[in-house]
Engineer: 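The structure that follows is given in the form of C-alpha cells.
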Amino acid sequence: MAKLIINLDGQLLSEFELDKERITIGRKPHNDIPIDNLAISGEHAAITTFHNGAFIEDLGSTNGTLVNQQPITKHALHHGDEIEIGKYRLKYVNIQELGSKIEAHENDAHDFERTMILRPSHVPTTLSGDNPTSDMMAHTIPLILPEAAQRAETAARPNATAAEAREPHAVVQILSGANAGKELELTKTLTSLGKPGIQVAVITRRPHGYFLTHVQGDHYPAVNGQELDAHPRQLADHDMIELAGVKMEFYLK
C-alpha cells in the first residue's frame, strides 16, 4: 500500500496511508488530510488511487500544487515524488513500485551477466506546523515499511522449507548516534533506514543476497566510504554503511 510522508521545514509530522480510492487535502476539517494553514485552500488537491498507482489533481487552489517543484493540474505519481502544498512537503512512497524497479534492475544485471558468460572474450489529525508534538518527530532509524506488507509476505510463503530456516540472516548494528549498540535484524523483504525528509534508504532481501538502495535525500548513502549511485548495491558481510549521519555495520549472523 502506498502512503504519504508529511514534512514541514524538514520535520516529520505524520504518515498517511492511501487506503481508499479518493483522498482530499485541504484546510477545511472534512478533508481526509486536513492541514490548518492559510496558504492552503479549503479543498486544495485530491489523490485518486488505482491498482498499484495514483495520481494527484489540483482542485483549483489559490496557490497551486507542485510535484517535484513543477506546478501541475493533474500528475501521475511515482515512488519518491514530492508534493508541495504551501510550505508542506508530502513524499509519495510506494514500496511495491520500488520493489518492482529493484527487481527489474537485478534481472537486467543477471541478463548482462549471462551475456558475459556466453561471450567470454568481452568482459489523521489536523496538522499545524506551529507546535508539532514530540511523538510526531522522526526517530533516528524509523521503519516505514507498512506492517501489512510483512503480513502479506508471510501469507504468501506459508511453507518455508527447513533449508531456508537454516540460512544465515542479516543484521545491521548501529555504531554511532543515540542508538549506538542497537541491532536491527533484517527479517522483512524491505526494511527502510534513515530520517524521513533528510535521507532514507532501503535494504531489500533477495534470494541471492541483500541490496541497499537510495530512496530519499540530496546525498546518497555510502558503503565502505564510497558513495552509492541510483543503482542497488549488493551488501557483503561486515560492510560499513553511512546513512543520515549514522554509521552502521551490516553482517550475517
Side-chain angles (χ1 to χ4, degrees), residues 2-15 66-70 77-85 87-106 108-109 129 132 136-145 170-184 186 188-206 209-251:
K3 64 181 175 179
L4 296 175
I5 300 175
I6 305 173
N7 294 272
L8 176 66
D9 297 329
Q11 299 292 339
L12 174 67
L13 297 184
S14 182
E15 295 183 6
L66 280 68
V67 176
N68 301 329
Q69 300 181 344
Q70 298 298 319
L77 291 170
H78 298 285
H79 174 78
D81 280 351
E82 186 173 78
I83 303 163
E84 297 181 41
I85 296 179
K87 293 183 178 180
Y88 289 78
R89 304 292 184 267
L90 291 72
K91 178 72 71 173
Y92 177 72
V93 175
N94 189 327
I95 296 297
Q96 186 171 354
E97 180 184 348
L98 174 63
S100 298
K101 289 181 179 179
I102 293 172
E103 185 173 3
H105 173 78
E106 292 174 4
D108 290 344
M136 297 165 71
M137 306 301 283
H139 298 292
T140 302
I141 303 181
L143 301 180
I144 61 174
L145 176 68
V171 175
V172 167
Q173 183 177 33
I174 313 306
L175 303 179
S176 66
N179 290 305
K182 292 185 178 180
E183 293 186 350
L184 174 65
L186 305 179
K188 301 177 182 179
T189 301
L190 287 167
T191 301
S192 296
L193 303 172
K195 298 178 181 179
I198 299 176
Q199 190 178 36
V200 175
V202 296
I203 295 178
T204 59
R205 176 167 53 85
R206 298 287 176 180
Y210 292 80
F211 291 79
L212 178 69
T213 306
H214 174 75
V215 174
Q216 179 187 8
D218 295 333
H219 300 286
Y220 289 91
V223 176
N224 301 328
Q226 181 179 5
E227 188 172 290
L228 304 188
D229 55 21
H231 298 102
R233 161 70 178 266
Q234 185 166 9
L235 295 171
D237 194 19
H238 297 295
D239 272 352
M240 305 298 293
I241 302 169
E242 295 181 45
L243 174 67
V246 176
K247 294 183 179 180
M248 55 195 81
E249 180 183 4
F250 170 88
Y251 68 91

Engineer: Taking C-beta and beyond as the side chain, do R205 and K188 meet within less than 4.5 Å on heavy atoms?
Structural biologist: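 Sidechains of K188 and R205: no contact.
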Engineer: Between F211 and I203, is the side chain to side chain contact (heavy atoms under 4.5 Å, CB included) condition met? List the steps.
Structural biologist: CA-CA 5 Å; F211 291 79; I203 295 178; over 6 Å; no
Engineer: Just verifying a value: how many Å separate L66 CG and Q69 CD, rounded to the nearest 0.5 Å?
Structural biologist: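 CD of Q69 is found 8.0 Å from CG of L66.
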Engineer: Verify, without hydrogens or angle tests, whether T191 (side chain) and L186 (backbone) share a donor-acceptor contact under 3.5 angstrom.
Structural biologist: no
Engineer: Between V215 and V93, is any pair of side-chain heavy atoms under 4.5 Å apart?
Structural biologist: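 The answer is no, as the side chains (C-beta and beyond) never meet within the 4.5 Å cut-off.
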Engineer: When rounded to the nearest 0.5 angstrom, what distance separates CD1 in I83 from NZ in K91?
Structural biologist: 10.0 Å
Engineer: Between atom CG of D237 and atom CD of E249, what is the distance when rounded to the nearest 0.5 Å?
Structural biologist: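 If I round to the nearest 0.5 Å, the distance is 8.0 Å.
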Engineer: Measure the OG1-OH distance between T213 and Y220 for me, rounded to the nearest 0.5 Å.
Structural biologist: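 Reported value, rounded in 0.5 Å steps: 11.0 Å.
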Engineer: Side chains of I241 and L193, heavy atoms from C-beta outward: is any pair under 4.5 Å?
Structural biologist: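 They are not in contact (no side-chain heavy atoms under 4.5 Å apart), so the answer is no.
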Engineer: Which pairs of donor and acceptor atoms, one on a side chain in residues 221-228, lie under 3.5 Å apart (sequence neighbours left out)?
Structural biologist:
unit_1, atom_1, unit_2, atom_2, d
N224, OD1, M240, N, 2.9
N224, ND2, D239, OD1, 2.9

Engineer: Is the shortest heavy-atom distance from the side chain of E82 to the side chain of L90 under 4.5 Å?
Structural biologist: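 Contact flag for E82/L90 side chains = no.
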Engineer: Check the pair Y92 / V67 against side chain to side chain contact (heavy atoms under 4.5 Å, CB included), numbers first and verdict last.
Structural biologist: CA-CA 10 Å; Y92 177 72; V67 176; over 6 Å; no
Engineer: To the nearest 0.5 Å, what is the distance between CD on E242 and NZ on K247?
Structural biologist: 5.0 Å
Engineer: Decide yes or no for I5 and V200: does some side-chain heavy atom of the first lie under 4.5 Å from some side-chain heavy atom of the second?
Structural biologist: no
Engineer: Using salt bridge (Lys or Arg N to Asp or Glu O under 4.0 Å) as the criterion, list what pairs up with R233, not counting sequence neighbours.
Structural biologist: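 With neighbours one apart ignored, the set is empty.
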Engineer: Under a 4.5 Å cut-off applied to non-hydrogen side-chain atoms, are Y210 and T204 in contact?
Structural biologist: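 Counting from C-beta outward, Y210 and T204 never come under 4.5 Å.
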Engineer: Given side chains that start at C-beta, do those of M248 and L243 come closer than 4.5 Å, heavy atoms only?
Structural biologist: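 Yes, close enough: below the 4.5 Å cut-off.
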Engineer: So E84 and R89, side chain to side chain contact (heavy atoms under 4.5 Å, CB included) or not? Walk me through it.
Structural biologist: CA-CA 5 Å; E84 297 181 41; R89 304 292 184 267; 3.4 Å; yes
